[in-house]
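Structure, as C-alpha cells:
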Amino acid sequence: MAVSSSVWDSVLEHTMSAQVKNSEPHLWAIQLSSSLNSAGVDLPSLELARLLVSHICFDNHVPITWKLLEKALSLNLAPPLLVLALLSTRVVPNRKLHPAAYRLYMELVKRHAFSFSALINAQNYQMTMKSIDDVVHLSQIFGVQLCEPGILLVEFVFSIVWQLLDASLDDEGLLEQSLEKNSRWLSRLQDMEIDGNENFSEKRNEHHEGLHKVNTTMAIELIEEFLKNKVTSSILYLARQNMPSHWGGFIERLQLLVVHSTALRNSKHTTPDAFLQLTSDTHRVLSREGKTISHHEFHAVMFSGSLKSSVGQCHGASHSAVWLPIDLFLEDTMDGSLVTTTSAVENLISLVKALQAVNRTTWHDTFLGLWIAALRLVQRERNTSEGLMPRVDTSLSMLLSITTLVVTNLIEEEESELIDETQQNPANQSKEKQGKLQKGLITSLQLLGDYEGLLTPPQSVSSIANQAAAKATMFISGLTVRNGYSMSINDMPVNCSGNLRHLIVEAFIARNMLDTSAYLWPGYVNARANQVPRGVPSQTTGWSSLMNGSPLTPSMINILVSTPASSLPEVEKIYEIAVDGSGDEKISAAAILCGASFVRGWNIQEHTILFIINLLSPPVPADHSGTESHLINYAPLLNVLLVGISSVDCVQILSLHGLVPLLAGALMPICEAFGSAVPKVSWTLPPTGEELSCHAVFSNAFTLLLRLWRFDHSPIDHVLGDIPPVGSHLSPEYLLLVRNSLLASFGPSTRSQLKLKRYSKILSLSVEPVFMDSFPKLKLWYRKHLECIASTFCGLVHGTPVHQIVDALLNLMFRRINRGVQPSTSGSSLSSGPGAEDAQARLKIPAWDILEATPFALDAALTACAHGRLSPRELATGLKDLADFLPASLATIVSYFSAEVTRGIWKPASMNGTDWPSPAANLSSVEQQIKKILAATGVDVPSLSVGGTLATLPLPLAALVSLTITYKLDKMSERFLTLIGPAVNALAAGCWPCMPIIAALWAQKVKRWSDHLVFSASRTVFHHNSDAVVQLLKSCFSSTLGLSPSHISSNGGVGALLGHGFGPHFSGGISPVAPGILYLRVHRSVRDVMFMAEEILSLLMHSVRDIASSALPKGAMEKLKKNKHGMRYGEVSLAAAMTRVKLAASLGASLVWVSGGLSLVQSLINETLPSWFISVHGSEQEGGESGGMVAMLRGFALAYFAMFCGTFAWGVDSESAASKKRPKVLRTHLEYLASALEGKISLGCDWATAWAYASGFVCLMVACTPKWVLEVDVDVLKRVSKGLRQWNEEELAVALLGLGGVGTMGAAAELIIETGL
C-alpha cells in the first residue's frame, strides 16, 4: 500500500535521534516496528532498506548506524538480501576509502547471506528480488531474460561471490592479469559525495593499511565459505550448470587468485589446493556420482560403488555382458539380406556413447568392450558355413576399419569440443579434459593383450598380422622399414607371430591416432632383438616400386591387385593413374583399386571407396559434343569398376561405411546413359579380348543398383503389417535424398572440418543435389516395377513397338524349339514373329526398351508352361537365354515372378523329378537338420514335415528356382545369384514348406552350401508361427541370463546368446545355432513388430522374477528389512541381482531396437509402457517373502529398459537426426510420469514397481543423459519434481530441476533452500 513521505521522514528523524543519543539498537528497532505497523507498512520493508543504507553511506558511517542496521535485519524489519545488494554497490567499490565499512559489510554477508528461508516464504519475495535486480542489474549483466525470483536469487548469490573475488584480486594488484582486465562489479561507483571526515580512526594510515589486508583475507575466506556451505554451494552449482560462459570467467579469476594470492597462501584457515578443489570437476554438489539418491536401499544398490565396480571389471562375464548391445549390433550388420544407407560408424558411435553413459564406465573400459565385441565377431565368422553371404572380409573390415573410425571420430569430437570451448571462452582451458579419450584408447589397447584367445587372426590374414609384428620388432631393433616393405618368411625374426592387436595398432598409427611408441608397450612383440636378421635384403614390394616411379607392368599389376595399399598417398597415386593415365593404365588402376586395397586396405578403406565412386562419375570432357552421354566413352573403365565392387563382401563393406547413397547417385547416371544407348559399338577388354557392349555395362550397373535397396522384398510386405520391417522403406528416391543430405552435412563446424582433414585433398565429389527427375528412363522403369507388383498386366496391343520387342524376345528365348509361344493380347493372340535367326539383330535396341517388354514375354512363357505348350526345362532354358542376353532382365524376371507368386493364381508345380527337379533325395535330411537347429535354440514346433504328399512349389517360384539352378558357381554368376537369391528366399519364406524344398534342391547342386541352406530354411519356421518367435525370444533371455534348461549353455553372457555362429564345427552334421544368431536372422521377416515388443517386455518381467528367486536365498529380503544397517546384509546378492536385471534390460532394449528401430522404440515408450503400468498383472500379486523385492526390481528393470531403448534410438546427445524426435516423445512420457506421481492415473501394477520405475528413470536421466533434461518443457519438469517430492525424493527432484536449464534454475534454488540440500 502507498505510504506517505511523512512516515519515512519520521523514520529518518527517529534514526538520527537514536544515532545522536547512541540509543540501544533493540529499543530503536521495537519503536520503529511499532510506528511502521501503525502506519500500515508491510514488513520487511523495501523502502526501509533503501533509507537505512542511503543514510549510512557515507555521511553517517559511524558504529551506531551499523548497529541499528544490523538490528533491523535481525528483526526482519528490512530484507537482508536487498540491504546487501544496496551495500554492495556502495561499499565494495569504495572499500579502499572505507575499509571499516567493507569489513562490516562482510560481517553482514556472513550473518545474512546463507539463510534464505524467510525470504522465499515472505509475501514480498518477488518484489524484493525485483528490487535487487534494479539495484545490481543482474538480468542485464547475466543476459537472462527470465526475471523469476528464484533465478534472480541464484544470480545474486553468484554476484556476491564474484564481487568478493574481484575485490580480492584488485586489492592484491592481480585484477589486471585477468583476461578482461577490469571488473563489472567494482566500476559502477554511485554518484555521491565522498565523506572527507574519516571516522573509525581511518585517518591513521597504518591502521588503514592493516585493516585493508585483513579485509582481503576475510573476503577470500568468505568466498570459501560460500563454496563449502551446503545451500550456497548448491546454488552456485546451478549457476555453473546454467551460465557456463559466466562461470568460465569466474573460474579463470579464481585460478588466478589461487596461483598468485599472497593473502590466500598466508591464510590460517584455508589453502590454495583446498580452495581450488571446491570448484573442480570432481566436486559436483548435485551430481549422482558415487552417492545414493534417496534413503531407499534399492537406490543405493542401483548406483552403489559395489555395483559400479562389478560393472567396470575387465574380466569375466560381467564385463562381457555390459557390452552385449554392441555384439548384437555388430552381428546384425553382418546380415547380408539388407544393405543400409546409414553408416555403421555413426550408428556405432551413438551406441558406444549410450553405453558409456548408462554404464558410467571409463573410456578405456568402453573402448576395450568395443574391441572385445568386434574380435568376437571375427572369431564367429572365421569358420562360418559357405554361402552367398558376407564372410570374414566384412567382419575384419568391421574390426579394423569401422571400429577404428568410431574411436577416431570420438577423439576428434572431443578435440573439436575443446577447440570450440577455447574459442568461446579462452579462460576455460581444462587441461584435465584434454586427451581423455586418447589416453583411454592407449590403455584399452594395452589391456587388450590379455585376451589372447580372441586375438588369433583368421588364416587368410595371418601373414599380414605377422608382417605387422615384424615391423614392430625391427623398429625396436633399430631397423627402419619403409611403408610397403614386405618381409619374406626366411627373413622373419624367430617366433615373430602377429595377432589381431598388431593390426588394430597399425590401423591407428596409419590414422595418426597413435605413434610408434606403441611398439614399446610391454609384451607387444615376442621376438628378441638379437633374433632379428641383420642382413635384411633391400627388396621392395609393388607399392614401394610404384611410389618410386616404376611403370605398371603386368607382374606389378598382379601384385598391386592382391596386396592392399598401406597409406593414403599410395591410393592417391593409383587414383591419379586412373584419371590421367593411358587407356590400358586406367583399366589397370581401376582393377587395383577394386582389389585387395578395397577389401583389406583397412587403414584407407573409406578413401578407396570414395575414389572408386568418384571414378564412376567422370567429368564431361571439354571437347565432348553430340547428344550421346559422355559416359559411353568411359565404358571399359566403368565396367571394371562395376564388376570389381559387386561381390557380396564389397557391397556389405560399402554399406558399413554408409556410402551406399553416394554409390547409388553415381550408378543412376550410368544406368540412364547405357540403358538408353543403342549397342552399336563394342569394346575389346584386355587381356582376355572379351567384347564389351552397352548392354553389358548397363546390366552390371543396374543389377548392382538394385542390390542397394530392398528390391528383393516380398510384394506382400508392401501391404501387410502395422509397422514395416526396418529398412523396407528404401527406394531409389530415398537413396538420392539420403545422398543429398549426406553431402550437405559437411558444414563449417569444427567437427566437420576435422573430419574433412582426413580425406584426400585430390578428391572432389560433386555436392549438387540429384533427384529422380534427372533419370526419366529409370523413373519410368521403377514406376512399371511397382505396377507389376500391384496389379496384373494390361493387354499387349498388336503392332506396337513393345509387341515387336516381345516377339523378338520370345524368339530369342525359345529359338531351340519349333513351336511358337504366344503372348497374350487384348482379347486375341498373335503368333511369334520372324525366325530366331534375326532375333538378336532385332534386339539391338536400348536396354530400357527391352526391360519394358520383358514382363509380357515372361507372362507368355509362364502361361505356355502352365498350359503344357512349354516344358519346365524349356522354360528354364529360355529364361537363362534371356538372362544371358541381357543380365539386367533378371530384375524384371524377379519382379514378375515374385508378383505372380503373391497373386496365387497359378497351379502348383509338382517337384517330381520328371517335369521339375526333385528334392526327394535329401529333403528328409534337411527337415531333420532344421529340427536339430530349432531344438538347440529351445524352440518346439509341433510339425515341420512336408508330409507324405509330393513336394510342390508355386509355378512361378518353381520357374525361378529352376533358373537359379542353371547357373554355374563362378564369380560372374555370383553377381546375378546375389540378386536372385534373396528374392527366392523372401518368396519361399512366405509359403511353408517351400524353403526346405529349395534348400534340398540347392544342397544337391552345391553340397558345401548345405549348412547355410539348412540354416536359411530353418528361419522360415518363424514366419508362420508366432509362438515359435516367442520361444526363441525366451531362449535369448534365458541363455543370456544363465537361466537356461540343461540343453542350452547355462553360463550366460554373450557366448551363450551368440555362440560361435553356425557351421560344420562338429562332426556328424551342422552345429547347434545360438538363439541370438537365429533371432538376428529372422526378425526382419516378422511383420508384427509391436507384437515382438510386447513379448520382449513380458519376458523381461518374467526374467526379473527368475533372477530374484535365484539370486537371493530364502528369507533374505525379510532379514534385509530387519537389519538396522539397511543394505549391508545381503548387499552382494542384491547387487548381483541388480547387475543381472540391468543385463536383462539391455538385452530387451537391444532386441527392440534391432527389431523395429526408432519407430518401435517410440511406440514402446509412448504406448506400450504406459499401457503396461495401468494394466493389472496377476504375477504382481504373488505371495512370498520376495514379492516386494520382485516388484521393485521390475520397476528398476523397466527404468533401465526404457533408458537403454531411448539412448540406442536417440543417442545421448543431439548429433543424430533421430535425436530431433526425442523432445516430443520425452515430454509425453514425463507428463505421464508426472500424472502417475500426482496420483491422477490409476495404476494396475504394484506401487513399488511404479515408484522404482519413476525414480529410477528420472535418476538415470539425471546421471546419464543430462542433455535430455534440457529438452523437456520447464512446466513438465516442475510437475515431475513436485511429484517426486510427494514420494519423498527431494534430492532427486532438486537434481532434475538443476539440469533443466535457466527456466528451472529458480525452482531448483527454492527447493534447495526449502529442503536444505
**Message:** Run R1084 and D332 through salt bridge (charged side-chain N to carboxylate O under 4.0 Å, His left out) and show every step you take.
**Reply:** CA-CA 10 Å; R1084 287 190 178 88; D332 191 53; 3.0 Å; yes
**Asked** Counting distance only, does the side-chain N/O of R600 pair as donor-acceptor with the main-chain N or O of Q605 below 3.5 Å?
**Response** no
**Criterion ring-ring contact (aromatic ring centres under 6.0 Å, His included) against F508, the qualifying member of W371, F367, W602** = W371
**Any V1152 side-chain heavy atom under 4.5 Å of F1204 side chain** = no
**Request:** Verify, without hydrogens or angle tests, whether N409 (side chain) and L405 (backbone) share a donor-acceptor contact under 3.5 angstrom.
**Result:** yes
**Item:** Close side-chain approach of I604 to H607, heavy-atom, < 4.5 Å
**Value:** yes
**Prompt:** What heavy-atom pair brings V1212 and K1267 nearest, and what distance separates the two atoms?
**Reply:** O-CB, 3.9 Å
**Asked** What is the distance from atom SG of C1264 to atom CD of Q356, rounded to the nearest 0.5 Å?
**Response** 9.5 Å
**Any donor-acceptor N/O pair, S741 side chain to L737 backbone, under 3.5 Å** = no
**Message:** Using side-chain contact (heavy atoms from CB on, under 4.5 Å), reason through M668 and M772 one step at a time and then give a plain yes or no.
**Reply:** CA-CA 9 Å; M668 289 182 189; M772 278 295 286; 4.2 Å; yes
**Message:** Looking at R1081 and E331, is any side-chain nitrogen of the basic one under 4.0 Å from a carboxylate oxygen of the acidic one?
**Reply:** yes
**Request:** Output the distance between atom CG (L659) and atom OG (S343), rounded to the nearest 0.5 Å.
**Result:** 7.5 Å
**Message:** Applying salt bridge (charged side-chain N to carboxylate O under 4.0 Å, His left out) to E506 and K471, what does each step give before you reach the verdict?
**Reply:** CA-CA 10 Å; E506 286 299 319; K471 179 182 176 184; 3.1 Å; yes
**Item:** Nearest heavy atoms of C594 and I645, plus distance in Å
**Value:** SG-CG2, 3.8 Å
**Asked** For S655, which residues count as a side-chain contact (heavy atoms from CB on, under 4.5 Å) partner, sequence neighbours excluded?
**Response** V339, T340, V660
**Request:** Just do the salt bridge (charged side-chain N to carboxylate O under 4.0 Å, His left out) check on E606 and R511 with the steps written out, would you?
**Result:** CA-CA 12 Å; E606 72 275 21; R511 296 183 186 280; 2.7 Å; yes
**Message:** If you take the centroid of each ring, where Trp contributes its six-membered ring, are H502 and Y524 closer together than 6.0 Å?
**Reply:** yes
**Message:** With rounding to the nearest 0.5 angstrom, report the OG1 to CD1 distance, T404 to I509.
**Reply:** 12.5 Å
**Request:** Taking the side chain as every heavy atom from C-beta outward, state whether L399 and I504 have any atom pair closer than 4.5 Å.
**Result:** yes
**Student check: side-chain heavy atoms of P325 and L351 closer than 4.5 Å** = yes
**Prompt:** Which atom pair, heavy atoms only, marks the closest approach of L400 to T403?
**Reply:** N-OG1, 4.2 Å
**Message:** Using side-chain contact (heavy atoms from CB on, under 4.5 Å), reason through W543 and I592 one step at a time and then give a plain yes or no.
**Reply:** CA-CA 11 Å; W543 286 105; I592 292 168; 3.8 Å; yes
**Request:** Not counting sequence neighbours, which residues clear salt bridge (Lys or Arg N to Asp or Glu O under 4.0 Å) with E572? List them please.
**Result:** none
**Request:** With the side chain counted from C-beta on, respond yes when S1216 and I349 share a heavy-atom pair under 4.5 Å apart, and no when they do not.
**Result:** no
**Request:** Please check if any side-chain donor atom of D515 sits under 3.5 Å from a side-chain acceptor atom of S517, or the reverse.
**Result:** yes
**Message:** Checking the side chain of Q652 only, and the main-chain atoms of T333 only, is there a donor and an acceptor separated by less than 3.5 Å?
**Reply:** yes
**Message:** Between T563 and L560 (side chain of the first, backbone of the second, donor and acceptor by atom type, cut-off under 3.5 Å), is there such a pair?
**Reply:** no
**Prompt:** Donor-acceptor pair, S350 side chain versus N347 backbone, under 3.5 Å?
**Reply:** no
**Asked** Looking at side-chain heavy atoms only, is the closest gap between F329 and F1208 below 4.5 Å?
**Response** no
**Asked** Hey, what do you get for CG (L368) to CG (L447), rounding to the nearest 0.5 Å?
**Response** 6.0 Å
**Message:** As an exercise, state the distance from OG of S444 to CG of L441, rounded to the nearest 0.5 Å.
**Reply:** 5.0 Å
**Request:** Calculate, to the nearest 0.5 Å, the distance between atoms OG1 and CG belonging to T703 and L979 respectively.
**Result:** 6.5 Å
**Prompt:** Is there a donor-acceptor pair under 3.5 Å between the side chain of S731 and the backbone N or O of Y734?
**Reply:** yes
**Asked** Do C1036 and L1057 pass the side-chain contact (heavy atoms from CB on, under 4.5 Å) test, and can you show the C-alpha distance, the side-chain angles, and the key distance before you say yes or no?
**Response** CA-CA 6 Å; C1036 289; L1057 178 67; 3.8 Å; yes
**Prompt:** What do the steps show when you test T608 against Y575 for side chain to side chain donor-acceptor pair (under 3.5 Å), and what is the final call?
**Reply:** CA-CA 9 Å; T608 304; Y575 174 72; over 6 Å; no
**Message:** For K1224 and E1271: C-alpha separation, side-chain torsions, deciding distance, then whether salt bridge (charged side-chain N to carboxylate O under 4.0 Å, His left out) applies.
**Reply:** CA-CA 9 Å; K1224 182 178 179 181; E1271 299 172 350; over 6 Å; no
**Asked** What is the minimum heavy-atom distance between W709 and P732, and which atoms define it?
**Response** CH2-CG, 3.6 Å
**Asked** With a 4.5 Å heavy-atom cut-off, do L410 and W363 have their side chains touching?
**Response** yes
**Prompt:** Is a donor on one side and an acceptor on the other found under 3.5 Å between the side chain of N740 and the backbone of L736?
**Reply:** yes
**Asked** Which heavy atom of A565 sits nearest a heavy atom of S597, and at what distance?
**Response** N-OG, 2.9 Å
**Asked** If only atom types and distance count, is the side chain of Q379 paired as donor or acceptor with the main-chain N or O of L454 below 3.5 Å?
**Response** yes
**Message:** Could you walk me through whether M1092 and Y1079 satisfy the side-chain contact (heavy atoms from CB on, under 4.5 Å) test, starting with their C-alpha distance in whole Å, then the side-chain angles of each, then the deciding distance to 0.1 Å, before giving a yes or no?
**Reply:** CA-CA 11 Å; M1092 288 197 292; Y1079 182 78; 3.2 Å; yes
**Prompt:** Which pair of heavy atoms, one from S401 and one from H657, lies closest together, and at what distance?
**Reply:** OG-CE1, 3.1 Å
**Message:** For a 4.5 angstrom cut-off between non-hydrogen side-chain atoms, does L328 reach L1080?
**Reply:** yes
**Prompt:** Between E570 and S566, does any side-chain donor sit less than 3.5 Å from a side-chain acceptor?
**Reply:** yes
**Asked** So, does N359 use its side chain to make a donor-acceptor pair with the main chain of L355 at under 3.5 Å?
**Response** yes
